[in-house]
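Notes follow the structure.
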Number of protein chains: 2
Amino acid sequence: MSTVAKKLTARAIAERALEIGDAEGLDAVTIRRLASDLGVTPMALYWHYKNKEQLIIGMADHLVGGFAPKPADERPWQEQLRDLTEGLIRTLRAHPCAKDVIEQIDAVTVPSFLAVWDHALRLTRAAGFSVEESCLITQYLLHSATAIADATAAQQASPSGEAEAQRVRRKRLDLQSLPVESYPHLVEMAGPLVERKDPHLYDTFGVDLVLSGIAALAARR
Amino acid sequence: MSTVAKKLTARAIAERALEIGDAEGLDAVTIRRLASDLGVTPMALYWHYKNKEQLIIGMADHLVGGFAPKPADERPWQEQLRDLTEGLIRTLRAHPCAKDVIEQIDAVTVPSFLAVWDHALRLTRAAGFSVEESCLITQYLLHSATAIADATAAQQASPSGEAEAQRVRRKRLDLQSLPVESYPHLVEMAGPLVERKDPHLYDTFGVDLVLSGIAALAARR
DNA sequence: ACCTGAACACCGTTCAAGT
DNA sequence: ACCTGAACACCGTTCAAGT
């Protein structure tokens with residue numbers, strides 16, 4: 001698999017793990033599979049990561065490592081927070097397995113994410129929210145960004161990509177064959193519910209949804 | 001383990017799986033462990049669920065089966081949507097493993113969830129949103145409700161509950177020992193970020209956050 | 001219809017040993 | 001410092017067979 005015999009480093013391992021996860025799903029990222037791809041013994045990986053949890057943290061770190069929030073400036077916090085959110089979404093969207101990676105770990109353990117989070121906290125504090133409220137809002141923001149990025153990410157091929165398309169068709173048929181009198185809206189909206197989402201709608205409408213909620217609460221204090 | 005030798009049904013299996021998941025985390029829910037708890041061979045479960053994915057769907061179904069949305073009434077959609085959201089949160093909060101269960105499957109495959117979803121779609125349509133927008137909003141609502149419920153759920157004991165408390169203390173110390181000049185807010189807010197959340201704050205502020213975002217977008221169309 | 005037994009092809013991880 | 005080999009204690013799942 002590895003022709004050049006690249007040097008085995010924590011970074012190289014995380015990169016290969018992300019490639020596998022993006023192409024075949026996070027479930028395919030296995031210590032043994034990863035080692036075999038890297039032309040090495042499974043145990044070799046334990047030198048660089050103490051266990052699989054640390055490896056996934058490494059994946060997350062490499063994932064958001066590509067994103068650095070702009071430094072603080074003089075614009076209103078709303079604009080800066082939108083910038084941050086959109087940047088995060090763009091970064092996460094580059095990796096189909098981003099959502100699964102983020103879900104499996106605690107964001108607070110990811111080194112490269114600390115700067116993003118601190119920045120977000122500064123903005124919500126500047127908006128007038130309390131400490132507890134800021135914690136809630138920033139966690140909520142991460143959640144929402146992840147969901148938005150995932151809904152429009154490049155198609156993730158569980159097995160072959162063709163099998164995935166098959167599953168989508170199956171699910172739409174399941175929805176459409178539901179009793180119309182019980183679930184009128186599900187039947188009517190089966191297509192949009194199940195198919196790949198329009199990135200533009202999510203980038204504008206989705207981000208608006210999240211940020212205008214925050215703005216509304218900031219305005220009423 | 002089982003003294004009464006209860007009849008083995010899909011329902012009994014899902015219930016036991018939820019008990020294990022709530023007490024020890026979803027990772028502890030294993031076909032073999034579950035079978036042993038039920039006093040039966042692992043293969044016996046395959047009669048009732050075709051594979052593990054179907055079992056987890058069964059768990060989700062049993063989870064939200066305890067919640068039925070109130071029938072449509074004449075109140076404004078905002079109030080009805082808030083009712084729905086709060087009901088969903090209360091239901092999910094009863095199970096510490098609810099979040100992990102929901103994350104592992106597609107909500108559209110959970111029978112008992114279809115009624116909830118159809119109801120939510122009706123309300124967003126009534127609010128004037130388009131088909132695509134309604135899909136986005138209802139998925140977003142499920143996500144947010146799950147996150148809110150999880151943040152305030154009964155403590156989930158990974159190993160013993162004591163080990164979990166240990167992890168929390170560790171993480172707070174990690175945050176507090178970060179360089180203050182680089183991450184001033186993380187250091188300052190280490191406690192609130194890492195500790196169990198105040199249910200009241202999440203129930204009011206958190207739900208407000210989500211619903212006021214929806215209301216704001218509805219108002220501007 | 002409902003369950004068992006044995007087997008297959010995997011996992012993550014430990015521990016001692018090599019270089 | 002960095003990697004290997006062998007072993008342990010698990011997984012989910014299939015398939016044939018029992019009642």
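Since the model is a prediction, treat every value here as computed from it, not as a measurement. Values below: every heavy atom of this structure, side chains too, minus hydrogens, waters and symmetry copies. Proteins come first, then strands; the chains are lettered A, B, ... in the order of their sequence lines, and each starts at number 1.
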Rounded to whole angstrom units, what separation is found between the CZ atom of B:R32 and the P atom of C:dA9? 15 Å

The Watson-Crick or G-U wobble partner of C:dT4, with both key distances under 3.5 Å, is D:dA16

Counting C-beta onward and ignoring hydrogens, is there a side-chain heavy-atom pair between A:L142 and A:F113 closer than 4.5 Å? yes

With respect to the phosphate group of D:dC3, does any side-chain polar atom (N or O) of A:H48 fall under 4.0 Å of OP1 or OP2? yes

Regarding the side chain of A:K52, the nearest nucleotide among C:dG12, C:dC3, C:dG5 is C:dG12

Are A:L45 and A:L34 side-chain neighbours, meaning at least one heavy-atom pair lies under 4.5 Å? yes

Distance in angstrom units between B:L26 CG and D:dC11 P, rounded: 14 Å

To the nearest angstrom, how far is B:N51 atom CG from D:dG12 atom P? 11 Å

Return the value, rounded to whole Å, for the distance between atom CD of A:Q54 and atom C1' of C:dT13. 14 Å

If you define the side chain from C-beta out and look only at heavy atoms, does anything of A:T146 sit under 4.5 Å from A:H143? no

Can you identify which nucleotide, out of D:dC3, C:dA6, C:dC2, has its nearest atom closest to the B:M43 side chain? C:dA6

Length of the CG-P vector between B:L45 and C:dC3, whole Å: 9 Å

From the candidates C:dG12, D:dG12, D:dT4, the one with an atom nearest any side-chain atom of A:Y46 is C:dG12

Of all the choices, C:dC11, C:dT4, D:dG12, which nucleotide is nearest to the side chain of B:A44 once you look at every atom? C:dT4

Please determine whether a side-chain nitrogen of the Lys or Arg among A:D118 and A:R122 lies less than 4.0 Å from a carboxylate oxygen of the Asp or Glu. no

Spacing of A:I56 atom CD1 relative to C:dG12 atom P, expressed in whole Å: 9 Å

State whether B:R33 and B:E24 are salt-bridged, where the test is any N-O pair (Lys NZ or Arg NE/NH1/NH2 against Asp/Glu carboxylate O) under 4.0 Å. yes

Selection from D:dG5, D:dC2, C:dA1 that lies nearest to any side-chain heavy atom of A:T41: D:dG5

Spacing of A:E53 atom CD relative to C:dC11 atom P, expressed in whole Å: 20 Å

Tell me: CG of A:D27 to P of D:dC11, nearest whole Å? 17 Å

Counting heavy atoms from C-beta on, name the nucleotide in D:dA6, D:dC3, C:dC11 closest to the side chain of A:V40. D:dC3

Nucleotide paired to C:dA9 in any strand shown, Watson-Crick or G-U, under 3.5 Å: none

For a quick test of reading the model: is some side-chain N or O of A:T30 closer than 4.0 Å to OP1 or OP2 of C:dG12? yes

